[in-house]
2 protein chains.
Amino acid sequence: MTLDAIDKKLLFLLQSDSKKTTKELSLKLNLSVTAVYERIKKLEREGIIDKYVVLVNRSKVEKGFVVFCHLKLIQHTKEFLTKFESEVIQLKEVLECHHVSGDYDYILKIVVKDMEAYREFLVTKLTTLQHIGSTHSTFMISEVKNTTVVDI
Amino acid sequence: MTLDAIDKKLLFLLQSDSKKTTKELSLKLNLSVTAVYERIKKLEREGIIDKYVVLVNRSKVEKGFVVFCHLKLIQHTKEFLTKFESEVIQLKEVLECHHVSGDYDYILKIVVKDMEAYREFLVTKLTTLQHIGSTHSTFMISEVKNTTVVDI
DNA sequence: CTTTTATATAGATTTATTTTCTATTTTTAA
DNA sequence: TTAAAAATAGAAAATAAATCTATATAAAAG
């Protein structure tokens with residue numbers, strides 16, 4: 001489907017705060033409640049709106065330690081990639097895993113309590129996965145920006 | 001505040017789907033609607049629940065091209081860091097910017113339409129920021145895992 | 001250019017959910 | 001062991017979502 005300016009503004013508003021009522025949205029968009037409601041339902045049906053979620057303040061739940069781990073496999077056969085990927089997605093400390101081009105194969109974003117928890121994770125979980133060649137950890141000093149809002 | 005097992009399960013459920021009604025949650029948690037409601041309100045007051053948002057399927061809105069950009073500044077004075085950070089957070093293509101330890105100063109996660117859009121972004125926006133020393137772009141081949149759910 | 005069809009919108013109504021209120025129960029601390 | 005505080009339950013009130021019917025707007029066909 002093609003998104004018009006109203007759809008884009010609607011998506012911006014919902015990406016920023018999905019608790020807004022259709023009434024509030026209708027005022028900002030100069031539409032009726034029903035028109036807004038139907039547009040939202042359409043965006044949901046099309047899968048453009050993927051899901052509604054709560055975002056947690058990580059620093060308030062002892063998960064303020066963020067690590068980027070750059071990882072190489074020992075081989076790059078489909079079998080090895082698939083095996084590694086199926087295992088890494090199981091690890092709850094790993095919020096993101098991206099297969100990437102360049103000097104290494106994967107970039108992982110890992111969230112734990114502190115350095116000690118990371119050491120434990122690395123030794124008992126990550127490096128026990130099969131086919132891992134090497135890992136290189138980069139630690140977050142501060143979070144300058146972190147948003148889920150995509151500009152459409 | 002200290003979170004008990006019910007709070008943690010509640011946060012897991014809401015992080016996965018914030019559209020669940022308090023009725024549905026109450027059934028899963030074996031609590032009354034009011035008890036669930038009060039727990040949610042407390043988590044909001046404490047700032048543990050940061051916000052409610054819609055997550056958009058990027059590939060359906062022509063923002064499926066993800067780049068990790070590793071960046072160095074020419075100097076590391078507070079002035080230079082602050083200036084750079086205040087500018088980079090304005091860029092809507094930059095979803096994440098992390099100040100990190102190690103070989104480079106920042107890791108950026110950038111979302112655009114395609115390689116051509118990235119080239120345009122790099123040339124007209126990112127590299128025009130002040131105090132940038134060097135950039136190194138790594139392109140996402142596939143998204144193995146990408147979740148906002150923090151295991152508490 | 002007009003008619004037909006489909007799509008989008010508005011307002012009213014119904015249904016569902018959230019929020020508030022009061023009463024108990026449970027937990028914590030004195 | 002008792003008093004105070006916190007958490008929970010159920011009912012009532014307030015609010016919002018979802019549905020329905022009618023109208024308007026836009027796209028396609030004759």
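In what follows, every heavy atom counts, from backbone to side chain, and hydrogens, waters and symmetry copies are set aside. Letters A, B, ... mirror the listed sequences (proteins, then strands); counts begin at 1.
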Whole angstrom is fine here: how far is it from [atom1] in [X] over to [atom2] in [N]?
X: B/Arg39; N: C/dT26; atom1: CZ; atom2: C1'; answer: 12 Å
X: A/Glu38; N: D/dT25; atom1: CD; atom2: P; answer: 18 Å
X: B/Ile6; N: D/dT8; atom1: CD1; atom2: P; answer: 6 Å
X: A/Lys23; N: C/dT18; atom1: NZ; atom2: P; answer: 19 Å
X: A/Lys20; N: D/dA17; atom1: NZ; atom2: C1'; answer: 18 Å
X: A/Leu31; N: D/dT25; atom1: CG; atom2: C1'; answer: 13 Å
X: B/Leu27; N: D/dG10; atom1: CG; atom2: P; answer: 12 Å
X: B/Lys19; N: D/dA18; atom1: NZ; atom2: C1'; answer: 11 Å

Just checking [X]: base, sugar-phosphate only, or nothing, at a heavy-atom cut-off of under 4.0 Å?
X: B/Thr34; result: base
X: A/Lys42; result: sugar-phosphate
X: B/Lys41; result: sugar-phosphate

### Task
Return the nearest nucleotide to the side chain of B/Ser32; candidates are D/dA9, C/dT9, D/dA16.
D/dA9
### Query
Between D/dA18, D/dT8, C/dT19, which nucleotide has the shortest distance from any of its atoms to the side chain of A/Tyr37?
D/dA18
### Message
Evaluate A/Glu96 against A/Leu108 for side chain to side chain contact (heavy atoms under 4.5 Å, CB included), listing each step before the verdict.
### Response
CA-CA 5 Å; A/Glu96 300 182 31; A/Leu108 277 62; over 6 Å; no
### Task
Would you check if the side chain of A/Lys145 reaches a backbone N or O of B/Ile89 as a donor-acceptor pair within less than 3.5 Å?
yes
### Query
Is it the case that A/Lys19 places NZ or CZ above or below the six-membered ring of B/Tyr52, under 6.0 angstrom from the centre and within 45 degrees of the axis?
yes
### Message
Does the structure place the NZ or CZ of A/Lys113 under 6.0 Å from the centre of the six-membered ring of A/Phe65, at an angle of no more than 45° from the ring's axis?
### Response
no
